[in-house]
Amino acid sequence: MQFALFFVPLHPNSRKQLICMELTYIKDLPKHEGGKVTLHGWIANKRSSGKVAFLVLRDGSGFVQCVVEVTTAGEENLERAKRLTLESAISITGTVRKDDNQEGGYELQATDVHIYSIADENYPIGKKEHGVDFLMNNRHLWLRSKRQWAIMKIRNCALYAIHRFFQERDFVQMDSPILTGNACEGTTTLFDTQFYKEDQVAYLSQSGQLYAEATAMAMGKVYTFGPTFRAEKSLTPRHLSEFWMIEPEMAFYDLEMDMNLIEDFVRYVVSEVYEKCRTELETLERNLTLFEAIKQPFPRITYDDAVLIIKGKKEVNGKNAIVQLEADLAAVHATIAEKNAALAEYEEKLQAKGLKKGEINHFQNKVDTLKNELKKLEDDARNIPQWIASASNFVPGDDFGASDEKAITRLFDVPVFVYKWPSPIKAFYMKRYEDDDNYVKGVDLLAPEGFGEIVGGSQREDDIEKLLERIKEHDLPLEAFEWYLDLRRFGSVPHAGFGLGFERLVMWMTGVSHIRETIPFPRYYGRLFP
RNA sequence: GCCUUCUUAGCUCAGACGGUUAGAGCGACGGACUGUUAAUCCGCAGGUCCUAGGUUCGAUUCCUAGAGAGGGCGCCA
């Protein structure tokens, strides 16, 4: 590989200005084994002894340890290496060496160290644990850390897979507007903003679906992938005020074809991430059961059957939802007892006299970790009984709550379809069953491990008379829907689609406990900066 | 919007039935060390105990209100 570097003196703090034709990245080090390369990046961690410094370098493509020894790099380079603070920017030249003890399997034996800039020593993010709020205040820097890097790489991989999936199947990406003139489904609270004239309000889109229906009638199969805004003060681990949604819409599709597509789609994206992001999943210590099970067919159950399962009146593969939750609760209590015993043991060890400092740290770390784990377990112990009560008291006809979804998904390793929902709890545009007006052709896909709903879809009402009835029933402003009704006046056909919350998908695949970590700069109630 | 737990050093946390100078670890800073993986070892510095009001001889600790954060529910993707 040919590349040329020219260094031009610029400023005492940024020693060199780089004009560069091609860079070598950490992820490509295996191709350069034994060869000499120059890497450019930031100091993620540093350890140094008298005559040797270990620099962990990150360049966005990966992490690698660089060794600066006095014998190979000389006094001057070692001196420079020792001056580096966390997050200082450097370029470093050296020989690529295989070392199975290293993460990634390679390290760089340095011969030259060049400094772009020395970072202020007060880099706020340390090596020890931090609270979530502190990290969110430093989100612009937090993104540099390894865990966040892994999450963002997976997000990107999923993003690309989604486009590939649809493009390979001849779907056309047709973006829906972000500024809209009316609140389309009427239920959720929307953000609003002034639109030129003082008395005219524009709302930020909460769904692109109605527009996708229009473009599907023009292009056959379409998908939208854009930002979505909900002004609900939903401060939960599963909600954002601003998130990205994928909404495909297909002409001449019925509910079953819709479900087939959803299944193929979710399986495709999950498989791509499994195949291409092993390192990242390892960094996140993700349990891989989900990825191995994804080849199995997704169960499809009706709402009525789901209700019986939630209430513990119907078993799945010999498993009862309520019994399962009770077993989970018992397991939590057992774990709490175990951890408490371990905690007492370590605290006793800490009392012993003549401990070395290293031993004290070790025991203290164990105690801190155990206390944190116990806090979470005690939350579970408080919450699971509520879920059990709420699931067993479920009233047929109601929409599922978070606990009901947990009761169902707990029984499966793969996502589960729930379809044929009661008409009153679903949106006006969903098509009713021809033989039973009480149910609509809607479907939700619930992700396992308690994550809950990631997809909501339906076959749409294509009969203008019935649609008019629904609009009246839901008390929606008819004028605003005239253009939507035109889609039924001029060449109405059966059609279906679905919506998938992108961050929820990423959250589920990465296994992170909070959706706020799945988007670079999350927006939610109380969070507009950075 | 409702329920619940919390707010002490730059960070993560301990603590006092209300009483002299409020503690630890990490980080930062100074030093030692040629193979470290949250390196280790020695030294040093660092505080409006969230804010306001109340009770009291005395409040960081008790009470009330407010602000902010975590967890659960609702709303949803």
Side-chain angles (χ1 to χ4, degrees), chain A residues 44-56 63 65 67-72 78 85-86 99 101-103 107 109 120-138 146 185 187-189 206-207 209 228-241 243-247 350 356-358 360-365 367-369 371-372 375-376 378-380 382-387 389-390 399-403 405-406 427 444-447 451-457 498-508 513-515 525-527:
Chain A
N45 200 0
K46 184 185 93 170
R47 294 170 285 271
S48 70
S49 306
K51 303 281 173 58
V52 62
F54 301 97
L55 309 173
V56 178
F63 292 75
Q65 171 164 284
V67 187
V68 186
E69 275 181 282
V70 71
T71 47
T72 38
L78 180 62
T85 51
L86 231 54
D99 182 349
N101 290 328
Q102 296 302 323
E103 275 188 68
E107 71 174 10
Q109 184 74 35
D120 188 303
E121 60 255 11
N122 297 313
Y123 186 65
I125 299 179
K127 298 172 198 170
K128 241 194 158 181
E129 265 186 65
H130 295 286
V132 181
D133 195 45
F134 172 79
L135 289 167
M136 266 316 165
N137 284 330
N138 291 286
K146 203 171 201 171
E185 290 173 42
T187 46
T188 51
T189 319
Q206 56 137 6
S207 165
Q209 187 209 307
T228 306
F229 305 90
R230 306 269 165 97
E232 303 282 348
K233 295 176 186 173
S234 303
L235 279 167
T236 81
R238 310 170 15 87
H239 287 87
L240 290 168
S241 301
F243 63 97
W244 290 72
M245 190 150 68
I246 298 113
E247 291 174 292
L350 272 172
K356 284 183 188 165
K357 204 169 172 186
I360 294 174
N361 285 345
H362 178 75
F363 292 140
Q364 193 61 54
N365 288 343
V367 167
D368 289 351
T369 312
K371 280 186 180 174
N372 276 327
K375 267 186 198 167
K376 278 176 198 154
E378 275 155 15
D379 281 338
D380 287 346
R382 260 198 307 276
N383 293 327
I384 295 176
Q386 291 177 27
W387 297 342
S390 159
D399 206 347
F400 291 168
S403 47
E405 291 179 355
K406 278 192 183 91
D444 282 1
L445 184 70
L446 309 179
F451 277 89
E453 185 180 347
I454 54 172
V455 174
F498 65 91
L500 174 134
F502 183 54
E503 282 76 15
R504 285 215 178 146
L505 178 70
V506 176
M507 183 184 175
W508 172 51
S513 59
H514 218 299
I515 198 165
Y525 182 67
R527 174 65 62 189

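Letters A, B, ... mirror the listed sequences (proteins, then strands); counts begin at 1.
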So, does the side chain of A:His130 form a donor-acceptor pair with the base of B:C11 at under 3.5 Å? no
Whole-Å gap separating C1' (B:C76) and CG (A:Asp444): 10 Å
Which residues pass the ring pair (Phe, Tyr, Trp, His ring centres under 6.0 Å) test with A:Phe400, not counting sequence neighbours? A:Tyr303, A:Phe394, A:Trp421
Quick one: label A:Glu247 by what it contacts on the DNA or RNA (base, sugar-phosphate, nothing), any heavy atom closer than 4.0 Å. nothing
Residue matched to B:C73 through Watson-Crick or wobble contacts both under 3.5 angstrom: B:G1
Give one of base, sugar-phosphate or nothing for A:Ser390, where a contact means two heavy atoms less than 4.0 Å apart. nothing
Mind checking the C1' distance from B:A24 to B:A16? Whole angstroms is fine. 16 Å
Pairing check on B:U20: which nucleotide meets the Watson-Crick or G-U wobble criteria with it, both distances under 3.5 Å? none
Base B:G10 to side chain A:Glu121, donor-acceptor N/O within 3.5 Å cut-off: no
If I pick the P atom on B:C42 and the same atom on B:G25, what distance separates them, to the nearest angstrom? 10 Å
Taking the minimum atom-to-atom distance to the side chain of A:Asp133, which one of B:A69, B:G71, B:G74 wins? B:A69
Quick one: does A:Ser234 reach the base of B:C75 with a side-chain donor-acceptor pair under 3.5 Å? yes
B:U64 pairs with, by Watson-Crick or G-U criteria that keep both distances under 3.5 Å: B:A52
Find the distance between CG (A:Asp444) and CD (A:Glu405) and round it off to the nearest 0.5 Å. 7.0 Å
Spacing of A:His130 atom NE2 and A:Asn137 atom CG [to the nearest 0.5 Å]: 12.5 Å
When rounded to the nearest 0.5 Å, the distance separating CD1 of A:Ile125 from CZ of A:Phe134 is 6.5 Å
Is A:Arg47 close enough to B:U36 that one of its side-chain N or O atoms is under 4.0 Å from OP1 or OP2 there? no
For a 4.5 angstrom cut-off between non-hydrogen side-chain atoms, does A:Leu240 reach A:Arg527? no
Round to a whole Å and report the spacing from CG of A:Leu235 to P of B:G70. 7 Å
Whole-Å distance separating the CG atom of A:Asn101 from the C1' atom of B:A39: 15 Å
Rounded off to whole Å, could you give me the CD-to-P distance for the A:Gln65 and B:A38 pair? 11 Å
Interatomic distance where CG belongs to A:Asn45 and P belongs to B:U37 [whole Å]: 10 Å
Would you mind reading off the distance between A:His239 atom NE2 and B:G72 atom C1', rounded to a whole angstrom? 13 Å
Under a 3.5 Å limit on both distances, the Watson-Crick or wobble mate of B:G25 is B:C11
Are more than 12 heavy atoms, taken from residues, nucleotides or ligands other than A:Tyr525, located less than 6.0 Å from that residue's OH atom? no
I want to check one thing: is the phosphate of B:U4, taken as OP1 and OP2, less than 4.0 Å away from some side-chain N or O of A:Asn383? no
Return yes if a side-chain donor-acceptor contact under 3.5 Å exists between A:Glu247 and A:Ser207, otherwise no. yes
Could you tell me how far B:G35 sits from B:A22 if I compare only their P atoms? Round to whole Å. 42 Å
Between B:U34 and B:U40, how far apart are the two C1' atoms, rounded to whole Å? 14 Å
Kindly indicate whether the side chain of A:Gln102 and the base of B:U36 share any N or O donor-acceptor pair separated by less than 3.5 Å? yes
By the 4.0 Å heavy-atom rule, please label A:Gln109 as base, sugar-phosphate, or nothing. base
For B:U8 versus B:U60, give the span between their C1' atoms, rounded off to a whole number of Å. 8 Å
Give A:Phe134 one of three labels, base, sugar-phosphate or nothing, depending on what nucleic acid heavy atoms sit under 4.0 Å from its own. sugar-phosphate
At under 4.0 Å, does any side-chain N or O of A:Lys406 touch on OP1 or OP2 of B:C73? yes
Could you measure between the two P atoms, the one in B:U48 and the one in B:C11, and give it in whole Å? 12 Å
Whole angstroms only, please: what is the CG-C1' distance between A:Asn137 and B:C11? 13 Å
Within the 4.0 Å heavy-atom criterion, would you say A:Leu240 contacts the bases, only the backbone, or no part of the nucleic acid? base
What's A:Pro237 touching, base or sugar-phosphate or nothing? Going by heavy atoms closer than 4.0 Å. sugar-phosphate
From CG of A:Asp120 over to C1' of B:G27, roughly how many Å is that when rounded to an integer? 13 Å
Among B:C75, B:G71, B:G1, the one nearest any side-chain atom of A:Glu232 is B:C75
Just verifying a value: how many Å separate A:Ile515 CD1 and A:Trp508 CH2, rounded to the nearest 0.5 Å? 14.0 Å
Mapping A:Ser48 and A:Asp99 to their closest nucleotides on RNA chain B, which lands nearer the 5' end? A:Asp99
Mind checking if A:Gly131 touches a base, just sugar-phosphate, or nothing, with heavy atoms under 4.0 Å? sugar-phosphate
If we take the P atom in both B:U5 and B:A39, what is their distance in whole Å? 38 Å
Pick base, sugar-phosphate or nothing for A:Ala53, based on heavy-atom distances below 4.0 Å to the nucleic acid. nothing
Using the C1' atom as the reference point in each nucleotide, state the distance between B:G54 and B:C73 in Å, no decimals. 35 Å
